[in-house]
Amino acid sequence: MKRTHHCNALRPEHAGQTVTLTGWVHSRRDLGGVLFIDLRDREGRMQTVFDPADLSKEVFDTATKLHAESVIEVTGKVRQRPAGTNNDKIATGQVEVLVKELLVLNHADPLPFQIDDPEAAAKVNEETRLKYRFLDLRRPEMTHNLRLRSKVAIATRSFMDEQGFLEVETPILFKSTPEGAREFLVPNHRDPGTFYALPQSPQQFKQILMVSGVERYYQLARCFRDEDQRADRQLEFTQIDVEMSFIDREDIYALIEGLLKRVWKTALNIDIPTPFKRVSFQEALNRWGIDKPDTRFGMELVDFTEDFRASTFKVFSGAIASGGVVKAMNAKGMAGATQGQIETMTEYAKSFGAKGLAYIKVENGEWKSPIVKFFSEAEKTALKTKLAIEEGDLILFAADQWLNACEILGKIRLYCADVLKTQGKLTIDPKQFNFLWVIEFPLLGFDREQNRWYSSHHPFTAPVAEDIPLLKTDPKKVRGQHYDIVVNGVELGGGSIRIHQPDVQKTIFEELLQIPPDETKLRFGYMLEAFRYGAPPHGGIALGFDRLCAILCGTTSIRDVIAFPKTAKGTCMMTDSPSQVTARQLRDLYIEVKVKKPE
RNA sequence: GGGGGUGUAGCUCAAUUGGUUAGAGCGCUGCCCUGUCACGGCAGAGGUUACGGGUUCGAGCCCCGCCACUCCCGCCA
């Protein structure tokens, strides 16, 4: 007998119908004479009633002994609940099923943790939840996340399809390309000593697909990076990977704005305004001290370099004299910061190489600060005006090289926002989504230790056309045609227009990155080869699908939107992977393990 | 690799300055209960205080080590 309805389906109009439901025993309330069992399936909950007057003793006794999460099938008549016993908390709360038949499909042992109470279940240690993930995923909150993720994937596919994109799968067994993230290697027994690598992203394949004439490619691509993890980073993750031919940056912006508009509408029924604001890398650092700014709150950075150029306060004027800047930030309402909080902020500053953190507490009409005595009246006036200083404010300074000074205050700005949020002085609407494009990143950074340039994105990123001459004269000033999409301080994705001119690519590889030609050939030969046979101008982007889902689900950890995530150390609590393999397996792969086995 | 946090009953947590037999709620077992919905009531079982050392008359608490989980830095072209 199959079920006739899901557990969310029944309403007063079904009264009188005989129905069959299947699902899990969500909770059991045994009142001695009458017994209630809330039955739960994927869709919802339904109260069933066992009345001994209407039932055989066997059925009633069986029901009495059911544990939570046992799997049952019940058949009975739908009826309206007696007056005054409706339950507004559930959708089916006006009706109940008077059970006639009960079939126990499977008994459940007592649970390692309770899942019937959402508040209690949400507090359970993540270690336990991950070990018993199959139980954790039964919780409606987690089911919601799985369902939303599925809906977002479908919305993405239908939108991309409408826009003329082909979904193309690319290999999981790929070639090792040792730049960037550490790779997972897969031994090849057919040729001992050779290895595949799992892709960090399908970057090279998607560019080659452009050479193949696909013109518009996308994929919900699994990617693998063997790096340390974070709340928003897993060893394996999913990207919405996109590449297009015969386009410029504007086409990418428009496409992704359309996609996100669709996704937000589908998932949250929210209309997000487009186009998104665009901010240059330089402006992002200048105003928010970070290349992925959270613009949902103020406390922007202000430049005081000119005001302190001739200051008698040598910490400031000295930094400026050696080519640095002085920046300040007004942490509104933080004058009451504790010594511990000031210390935390100082530690942030020190982690960037600063000697300390200068600050002013504005309390009781006074500027309390170890440094304010060095300031001239003009300097004080400048601070007061440009920072709009008021009673209760905390002013924080950074005097350093431009990037460092910005990043110090950027870090502190986020810390202050957290503190103010905890104190209830800063509230952010959970439905507010501030999207923006960060553009005009520097194409190259300079590695002092290795004394060479490195690609700040990846080596196929095209320079801004007008900056190409600077490649040979002033590489630092070259801007890349790279863009990041940021929402609420989260880097949702990034991409670039790619280089399709062989001579520019050659300059980047050989002159700037200083990769020897033979090595270039070894690593990227197939790609450069492909580019000799008619490569269209192209570019693309990749969005972090897990992060996207996490934002939509209102969680900061992507583990909450991945069915079976790994722990921070990369283990799976449920399957206990990774694990040792047999000597035979190793022998077949021609692998010798040099680490001593435990025990 | 480094720094912070956490670890006490199946789950969530308590345990005063280092001091009696380590407690509570939920869950579990048994009994009672005919309108509950996190049902209620009574009774009971359940502990290597993550693990290994040390200090002490005495350690859940202090010290050293170690493991796991977690957050962050490094790392993530």
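As a basis for the values below, the full set of heavy atoms in this structure was taken, side chains included, without hydrogen atoms, waters or symmetry mates. Protein chains get the first letters and strands the later ones, always in sequence-line order, with residue 1 at the start of each.
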[N]: pairing nucleotide in any strand, Watson-Crick or G-U under 3.5 angstrom:
N      : result
A68(B) : U6(B)
A24(B) : U12(B)
U34(B) : none

Pairs meeting criterion salt bridge (charged side-chain N to carboxylate O under 4.0 Å, His left out) with involvement of residues 337-355 of chain A, two or more places apart: none

Where at least one partner belongs to residues 115-125 of chain A, residue pairs that pass salt bridge (charged side-chain N to carboxylate O under 4.0 Å, His left out), sequence neighbours excluded: none

Under 4.0 Å protein heavy-atom contact, by nucleotide of nucleotides 39-46 of chain B - B base, S sugar-phosphate only: B-------

I want to check one thing: is the phosphate of [N], taken as OP1 and OP2, less than 4.0 Å away from some side-chain N or O of [X]?
X       : N      : value
K131(A) : A68(B) : no
H67(A)  : G10(B) : no
K569(A) : A68(B) : yes

For [X], check side-chain hydrogen bond (donor to acceptor under 3.5 Å, both in side chains) against everything at least two apart and list the hits.
X       : result
T128(A) : none
K566(A) : E236(A)
N404(A) : D400(A)
D61(A)  : K57(A)

At 4.0 Å (heavy atoms only), tell me whether [X] reaches a base, stays on the sugar-phosphate, or touches nothing.
X       : value
T571(A) : sugar-phosphate
E183(A) : nothing
A231(A) : sugar-phosphate
E126(A) : sugar-phosphate
Q203(A) : base

For Y415(A), ring-ring contact (aromatic ring centres under 6.0 Å, His included) partners two or more places apart: Y348(A)

Kindly give the atom pairs (protein nitrogen or oxygen, nucleotide nitrogen or oxygen) under 3.5 Å for nucleotides 1-8 of chain B.
{"residue": "G1(B)", "atom": "O6", "partner": "D228(A)", "partner atom": "OD2", "Å": "3.2"}

Given F184(A), Y196(A), F205(A), F195(A), the one that forms ring-ring contact (aromatic ring centres under 6.0 Å, His included) with F174(A): F205(A)

For H538(A), the option from F460(A), Y217(A), F531(A) that meets ring-ring contact (aromatic ring centres under 6.0 Å, His included): F531(A)

Stretch [range]: residues that reach within less than 4.0 Å of RNA chain B through a heavy atom:
range                       : value
residues 476-493 of chain A : none
residues 44-66 of chain A   : R45(A), Q47(A)
residues 77-93 of chain A   : R79(A), R81(A), P82(A), T85(A), N86(A), N87(A), K89(A)

Side-chain donor/acceptor contact of R233(A) with base of C76(B) under 3.5 Å: yes

Side-chain-base donor-acceptor pair under 3.5 Å for R129(A) and C11(B): no

Carboxylate-amine/guanidinium proximity below 4.0 Å for R129(A) and D560(A): yes

Candidate nucleotides U36(B), C28(B), U70(B), ranked by approach to the side chain of E96(A) - the nearest: U36(B)

D418(A) CG to C72(B) P, straight-line distance once rounded to whole Å: 11 Å

Distance in angstrom units between E69(A) CD and G27(B) P, rounded: 14 Å

Near-parallel close stack of F113(A) and C11(B) base (under 5.5 Å, under 30°): no

